[in-house]
Amino acid sequence: HANLRLLYGWQWLQPGKKLLFMGCEFAVAHEWSHEDDIPFLPGDARRPAGASHVSAWVAEINRVYRAEPALHRGDCDPGGFVWLVGDDADNSVCAYLRTDPTDGAPPVLVVANFTPVVRDDYEVGVPIAGTWREILNGDELRFGGSDVRNGGVTARAEPAHGQPHRVSLRLPPLAVIALIPDDHTGGS
């Protein structure tokens, strides 16, 4: 289910409107058909191991998506998205910022590790100094992951990826993480 959590995290945190088709949040093993019901419901004993983790992950992504304006305001505006790392084929890592072009709400740093390998000391540029706090991590135990986390990381005043500061991250395997500046007082 790690790959499915990675896919959903990647899909939700990208710009644009979201669409998850009939029952996919339940991690069903086959494509939905209008002829049949979903083979199980939440709490059903027939539900595969790990499916409840996927449902919990979808619920948490939705919560963070609603709480952080940079993730939903201006998602059709080019000013709402900044690529930071889009060319790291050797590590299979991508990173970008979601920004709020309407009123300047704090940005959200999104980093995805598309391999089953933990990436220690992975450096990514950020626009704001200070501590960045992890608000979303698809590898947490409650989602069925291995619980590789960052907590808070402090940005150094060293330019990287076109930004004036950088953070050093521990990237969990097959997971998406999101961080915000720690002085943010929004809904997260």
Can you get from [X] to [Y] by hopping between Ile, Leu, Val, Met, Phe, Trp and Tyr side chains that sit under 4.5 Å apart?
X      : Y      : result
Val118 : Ile177 : no
Leu174 : Val176 : yes
Ile128 : Val108 : no
Val54  : Leu136 : yes
Val64  : Val153 : no

_Angle between ring planes, Trp83 versus Tyr96, binned at 30° and 60°: parallel, tilted or perpendicular?_
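The arrangement is perpendicular - the two ring planes meet at more than 60°.
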
Looking only at heavy atoms, which two atoms of [X] and [Y] are closest? And how far apart?
X      : Y      : value
Ala155 : His165 : CB-CB, 4.0 Å
Gln14  : Phe81  : OE1-CE1, 4.1 Å
Gln163 : Pro127 : OE1-CB, 3.2 Å
Pro173 : Asn113 : CA-ND2, 3.9 Å
Leu141 : Gly145 : CD2-O, 3.3 Å
Ala112 : Leu6   : CB-CD1, 4.4 Å

* Partners of Phe114 by ring pair (Phe, Tyr, Trp, His ring centres under 6.0 Å), sequence neighbours excluded? ->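 Once residues adjacent in sequence are excluded, the partners of Phe114 under the ring pair (Phe, Tyr, Trp, His ring centres under 6.0 Å) criterion are Trp10.
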
Margin query: Just to verify, what does His161 make a side chain to side chain contact (heavy atoms under 4.5 Å, CB included) with, not counting sequence neighbours?
Written below: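 Result, side chain to side chain contact (heavy atoms under 4.5 Å, CB included) vs His161: Leu84, Val85, Val124.
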
Q: Please identify each residue that fulfils side chain to side chain contact (heavy atoms under 4.5 Å, CB included) with Val117, with sequence neighbours left out.
A: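 Listed in chain order: Thr115, Arg119.
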
Next item on the list: List in chain and number order the residues that pass salt bridge (charged side-chain N to carboxylate O under 4.0 Å, His left out) with Asp88, two or more places apart in sequence or in another chain; answer none if no residue qualifies.
Entry: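 If we apply the salt bridge (charged side-chain N to carboxylate O under 4.0 Å, His left out) test to Asp88, skipping adjacent residues, there are no hits.
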
- Could you tell me which residues satisfy salt bridge (charged side-chain N to carboxylate O under 4.0 Å, His left out) with Asp87, sequence neighbours excluded, listed by chain and number?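 Counting only residues at least two positions away or on another chain, Asp87 forms no salt bridge (charged side-chain N to carboxylate O under 4.0 Å, His left out).
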
Are Pro107 and Trp132 close enough that some pair of their side-chain heavy atoms sits under 4.5 Å apart?
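They are in contact (side-chain heavy atoms under 4.5 Å apart), so the answer is yes.
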
Q: Check Leu109, Val82, Leu71, Ile180 against Arg98 for a side chain to side chain contact (heavy atoms under 4.5 Å, CB included) and give me the one that passes.
A: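 The single option meeting the side chain to side chain contact (heavy atoms under 4.5 Å, CB included) with Arg98 is Leu71.
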
Q.
Would the distance check show the side chain of Trp57 and the main-chain N or O of Arg5 forming a donor-acceptor pair, the cut-off being under 3.5 Å?
A.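 Yes: the side chain of Trp57 pairs with the backbone of Arg5.
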
> Within the side chain of Asp139, is there an N or O that forms a donor-acceptor pair under 3.5 Å with the backbone of Ser146?
Replying inline: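 Confirmed, Asp139 side chain pairs with Ser146 backbone.
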
Which is it for Val126 and Leu179 under the side-chain contact (heavy atoms from CB on, under 4.5 Å) test, yes or no, and what are the steps along the way? CA-CA 10 Å; Val126 293; Leu179 299 95; over 6 Å; no

_How long is the straight-line distance from OG1 of Thr99 back to CG of Asp75, given to the nearest 0.5 Å?_
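Separation between the atoms: 11.0 Å.
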
- Value rounded to 0.5 Å, distance of CG in Asn137 from CZ in Arg170: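 Between atom CG of Asn137 and atom CZ of Arg170 there are 11.0 Å.
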
ask   = For residues 149-162, which residue pairs qualify under salt bridge (charged side-chain N to carboxylate O under 4.0 Å, His left out), counting only residues two or more places apart or in two chains?
value =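 Only Glu123-Arg156, Glu140-Arg149, Asp147-Arg149, Arg156-Glu158, Glu158-Arg166 qualify under salt bridge (charged side-chain N to carboxylate O under 4.0 Å, His left out).
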
Hey, mind stepping through Asn62 and Trp12 against side-chain contact (heavy atoms from CB on, under 4.5 Å) and telling me if it holds? CA-CA 8 Å; Asn62 279 328; Trp12 251 257; 2.8 Å; yes

